[in-house]
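As the structure is a prediction and not an experimental result, all values here were calculated from the model. Letters A, B, ... are given to chains in the order of the sequence lines, protein chains preceding strands, and every chain is numbered from 1.
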Number of protein chains: 2
Amino acid sequence: MHFKNHVTRLSQYKAALQRLDNNNVERTHAETISTYIGIPATQIRKDFSLFGIRGNKRGGYNVKDLLEELKNILGLNRDIPVILLGYGNLGKALTRYQGFHEGCVRIVAAFDPGVGVLSSQPPIPVYPPASIPKFLKNNPVKHAILAVPNEVAQAIFDELYENGVRGFINFSTVSLNVPEDAYVNNVDLELELETVIYYTKESKNKV
Amino acid sequence: MHFKNHVTRLSQYKAALQRLDNNNVERTHAETISTYIGIPATQIRKDFSLFGIRGNKRGGYNVKDLLEELKNILGLNRDIPVILLGYGNLGKALTRYQGFHEGCVRIVAAFDPGVGVLSSQPPIPVYPPASIPKFLKNNPVKHAILAVPNEVAQAIFDELYENGVRGFINFSTVSLNVPEDAYVNNVDLELELETVIYYTKESKNKV
DNA sequence: TAGGTAATGTGATATTTATCACAATATACT
DNA sequence: AGTATATTGTGATAAATATCACATTACCTA
Ligand SMILES: NC(=O)c1ccc[n+]([C@@H]2O[C@H](COP(=O)([O-])OP(=O)(O)OC[C@H]3O[C@@H](n4cnc5c(N)ncnc54)[C@H](O)[C@@H]3O)[C@@H](O)[C@H]2O)c1
Ligand SMILES: NC(=O)c1ccc[n+]([C@@H]2O[C@H](COP(=O)([O-])OP(=O)(O)OC[C@H]3O[C@@H](n4cnc5c(N)ncnc54)[C@H](O)[C@@H]3O)[C@@H](O)[C@H]2O)c1
């Protein structure tokens, strides 16, 4: 069992709980979460059961406690520093995104060869790629966002792996060669668009 | 059977074939594609079988033919106009992305209330949201990218649906209420990051 | 043109994932 | 206190997805 779907759902539950907590809701139920995020209540309970999360029969779940448990399971109970590779279109969008500030993820630095010619002051430090090893020696960051061109993605990945980074989001559209003890989540936006197109074709191929 | 995974893989195959074709490769094999994108050759053949794609025993596949077949199945054999909702951080990044130009997807227009105060000339027309119905009456676009704040995502979705849009990518982090005959692909970047964090926790929760 | 072989194509099987049905139980009500 | 009921928790079942094993066949070589 790889649990990819389970983990994704846990993260969704966490987001829902976060919102409930922000609205000062104190108790909730599987059924409530279900209507919030469109996942069947029975699936939610089954997931909780699998990860050892216990509620209160008839009383549902205490929002703060459940949120805390979910964060613990996901590893979000502490600040997570992340570095960004490639301060281009996508990289800039990610650094400017306010949503991350509410969670525990912090993009602490970016690396881009265009560092010298940046027009405006970026909200985080941007360094030349050559300084990656030194930076990681001083700041043992374990997670990276790859928003670099396809051509350099594997090389950059290898260098980061060499220097201790183990968790990656890869926005490039190449499939990386990844050692056993690293984890890469490929987010291919072209592909996401194409699946939408398939499902909205007038004449689906009957299979 | 929902085929979500199958369709995602078909799209990956298509991308691989596109690259082979760009490199003027004429014939290929399941095994070659496999090393390209890291999916087992047997899975590739099974997928082909399922979607009625036939190769040549011993001779593998003709690259151009296979590419054409995959495009047909995915509905990518014609230009697909797409509109963008929200010309903010993410929306700008998407419109500036060069990769889409190589495929058949075209972002033809964006809608954003900030249209009057844009600092630089955007590469596509940006209209005020009020003009959505009129635009869609004149341009029956069927696909949209939602890159709007969470608060307005459902309202914008409803309006687009009313005006005939049926395929969506939703970058907001809310779960939309979606009629049967529409398809929404939720791409939640926060969530994608969080799954990476889970898989790189030192002490995984044993289950 | 016959035999060897590299590939495809697919039924059978295994694994993973989701749903269902219902027993267990804490709370609310009288 | 005793009963009704809302809600959890989970084994059993179903559905979806992936892998395997191997029969088939087109090409190549001699
Ligand atoms: N922008 C999008 O909407 C979009 C959509 C789909 C896929 N992608 C993929 O995401 C990736 C980034 O896309 P983008 O639009 O931001 O591209 P971009 O060209 O705008 O940005 C890439 C950045 O990486 C930098 N870079 C180059 N070599 C580098 C190196 N060795 N180390 C660090 N940085 C380096 C470049 O200077 C540039 O600033 C690409 O792989 C692209 O295929 C982007
Ligand atoms: N940027 C990221 O890296 C990132 C990461 C994760 C999630 N998201 C999500 O993606 C969405 C967009 O993020 P962003 O960073 O681009 O936000 P943003 O605020 O930069 O852009 C949103 C844009 O939508 C426009 N808008 C507001 N109301 C609108 C309406 N009714 N019709 C059309 N446009 C409207 C705003 O004027 C703004 O330009 C958000 O839901 C956000 O939660 C973004």
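Atoms CG (B/D47) and P (D/dA18) sit 8 Å apart, rounded to a whole Å. Computed from coordinates, the A/H29 NE2 to D/dT5 P distance equals 17 Å when rounded to whole Å. The separation between B/Q43 atom CD and C/dG9 atom P is 15 Å, rounded to whole Å. Between the P atom of C/dA18 and the CG atom of A/L50 lies a distance of 11 Å, rounded to the nearest Å. The CD-P distance, from B/Q12 to D/dA18, rounds to 11 Å in whole Å. Residue B/I44 contributes atom CD1, which lies 16 Å from atom P of C/dT10 at whole-angstrom precision. Rounded to whole angstrom, the span from the CG atom of A/L66 across to the P atom of D/dG9 amounts to 10 Å. Per the geometry, CZ belonging to A/F3 stands 16 Å off P belonging to C/dT15, to the nearest Å.
Of the residues listed (B/P122, B/P128, B/P123), the one engaging B/V126 in a side-chain contact (heavy atoms from CB on, under 4.5 Å) is B/P122, and it is the only one. A side-chain contact (heavy atoms from CB on, under 4.5 Å) with A/I83 is found for exactly one of A/I107, A/I145, A/L136, namely A/L136.
Side-chain nitrogen and oxygen atoms of A/N56 include at least one within less than 4.0 Å of the OP1 or OP2 phosphate oxygen of C/dT27. For D/dT10, the OP1/OP2 oxygens have a side-chain nitrogen or oxygen of A/S49 closer than 4.0 Å. Distances shorter than 4.0 Å separate none of the side-chain N or O atoms of B/R54 from OP1 or OP2 on C/dT8.
Distances from the side chain of B/H6 to the nucleotides D/dT8, C/dT10, D/dT17 place D/dT17 closest. Here C/dG9 is the nucleotide among C/dG9, D/dC20, D/dT10 with the atom lying nearest to any side-chain atom of B/R45. Comparing D/dC20, D/dT19, C/dG9 by their closest approach to the side chain of B/Y61 singles out C/dG9.
Looking at heavy-atom distances under 4.0 Å, A/F48 makes no contact with the nucleic acid at all. If you check every strand for non-hydrogen atoms under 4.0 Å, A/R9 touches sugar and phosphate atoms only. Contact annotation for B/G59: no contact, since no heavy-atom pair falls under 4.0 Å across all strands. Counting any heavy atom pair closer than 4.0 Å across all strands shown, A/A41 reaches no nucleic acid atom.
Nucleotides of DNA chain C nearest to B/T28 and B/K46 differ in position, and the one nearer the 5' end is that of B/T28. In terms of position on DNA chain C, the residue among A/R58 and A/N5 whose nearest nucleotide sits closer to the 5' end is A/N5.
Between B/Y127 and B/F111, the ring planes lie tilted relative to each other; the angle falls in the 30° to 60° range. Using cut-offs of 30° and 60° for the angle between ring planes, the A/F157 and A/Y161 rings count as parallel.
Between the side chain of A/T8 and the backbone N or O of A/K4, at least one donor-acceptor pair lies under 3.5 Å.
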